[in-house]
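Chain letters run A, B, ... following the sequence lines, proteins first, then strands; residues in each count from 1.
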Amino acid sequence: DAKTTQPNSMESNEEEPVHLPCNHSTISGTDYIHWYRQLPSQGPEYVIHGLTSNVNNRMASLAIAEDRKSSTLILHRATLRDAAVYYCILRGMWGSARQLTFGSGTQLTVLP
Amino acid sequence: EAGVAQSPRYKIIEKRQSVAFWCNPISGHATLYWYQQILGQGPKLLIQFQNNGVVDDSQLPKDRFSAERLKGVDSTLKIQPAKLEDSAVYLCASSLGLTNTEAFFGQGTRLTVV
């Protein structure tokens, strides 16, 4: 199964943009890139997902490299409520690749 | 819409006892997942159902863990007998389908085995 690599932790200042990187050099052509986040004492929540093109929603933007070997989750204005563990996950279309498999993620700290 | 409901929220048991967790997914969601999350780690998939059939249970310790999803709606996860290393948060999630649909998670059940 394709794997992702994320930094263990990152810090950001409140009201500034945050760029959370994810490397996935072994991604296959049918793997979608998903992002979830987990706030303290909560279950994970979906943030965004994409295949090739950049994606925007009310929570964040997802920038996908042209070769698809990396992606970046962008929070446009970090708030204290965005402090969470962010998980970058690849999901394929067939068999076990469809699983939603979490790694260790990036712990984002937002400083006031 | 109502979210994924789990109960109980907390449970403390002694080792070698049995315990059961219950999950009610979002109405209409065919896919249901159970995860185990040990403190400081990401969630680990234990079992995945599509309607009332098992899609993947490769990481379920079948000697002590069991799960069922009768009628393709509610699900229960059981541990018998529990070990100290089973102390974790057990998360249930559901989604419309198997591929690339948003998964919704419950708040989890925190199990402490003493």
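More than 12 heavy atoms of other residues, nucleotides or ligands sit less than 6.0 Å from atom NZ of B:Lys62. Other residues, nucleotides and ligands place no more than 12 heavy atoms under 6.0 Å from the CG atom of A:Asn8. Environment of CZ in A:Arg77: sparse, with no more than 12 heavy atoms of neighbouring residues, nucleotides or ligands closer than 6.0 Å. By the 6.0 Å contact criterion, CZ on B:Arg110 is open, its count of non-hydrogen atoms from other residues, nucleotides or ligands being 12 or less. Within 6.0 Å of the CD atom in B:Gln80, the count of heavy atoms belonging to other residues, nucleotides or ligands does not exceed 12.
Counting only heavy atoms from C-beta outward, the side chains of B:Leu98 and A:Trp94 never approach each other to under 4.5 Å. Side-chain contact between B:Val55 and A:Gln99 is absent, with no heavy atoms from C-beta onward closer than 4.5 Å.
Cluster annotation: B:Leu111 is not connected to B:Leu91 through the hydrophobic network of ILVMFWY side chains, with a link wherever side-chain heavy atoms come within less than 4.5 Å. Linking Ile, Leu, Val, Met, Phe, Trp and Tyr whenever their side-chain heavy atoms come within less than 4.5 Å leaves A:Val85 and A:Leu73 in two separate clusters. A:Leu90 and A:Trp35 end up in the same hydrophobic cluster when Ile, Leu, Val, Met, Phe, Trp and Tyr side chains are linked at under 4.5 Å. No chain of hydrophobic side-chain contacts below 4.5 Å, direct or via other Ile, Leu, Val, Met, Phe, Trp or Tyr residues, connects A:Ile89 to A:Ile64. Each of B:Phe105 and A:Tyr86 belongs to its own hydrophobic cluster when Ile, Leu, Val, Met, Phe, Trp and Tyr are linked at side-chain heavy-atom distances under 4.5 angstrom.
Identified by a heavy-atom distance below 4.5 Å to chain A, contributing residues of residues 81-89 of chain B are lacking entirely. Interface residues of residues 31-49 of chain B toward chain A, defined by a heavy-atom distance below 4.5 Å and sorted by number: B:Tyr33, B:Tyr35, B:Gln37, B:Gln41, B:Gly42, B:Pro43, B:Leu45, B:Gln48. Chain B is approached within less than 4.5 Å, heavy atom to heavy atom, by A:Gly43, A:Pro44, A:Tyr46, A:His49 from residues 43-62 of chain A, ordered by number.
In terms of heavy-atom proximity, B:Thr101 sits nearest to A:Tyr36 at O-OH, 4.2 Å.
For A:Gln42, the side-chain contact (heavy atoms from CB on, under 4.5 Å) criterion is met by A:Leu39, B:Gln107, not counting sequence neighbours.
Neither the backbone nor the side chain of A:Gln107 comes within less than 4.5 Å of any heavy atom in chain B.
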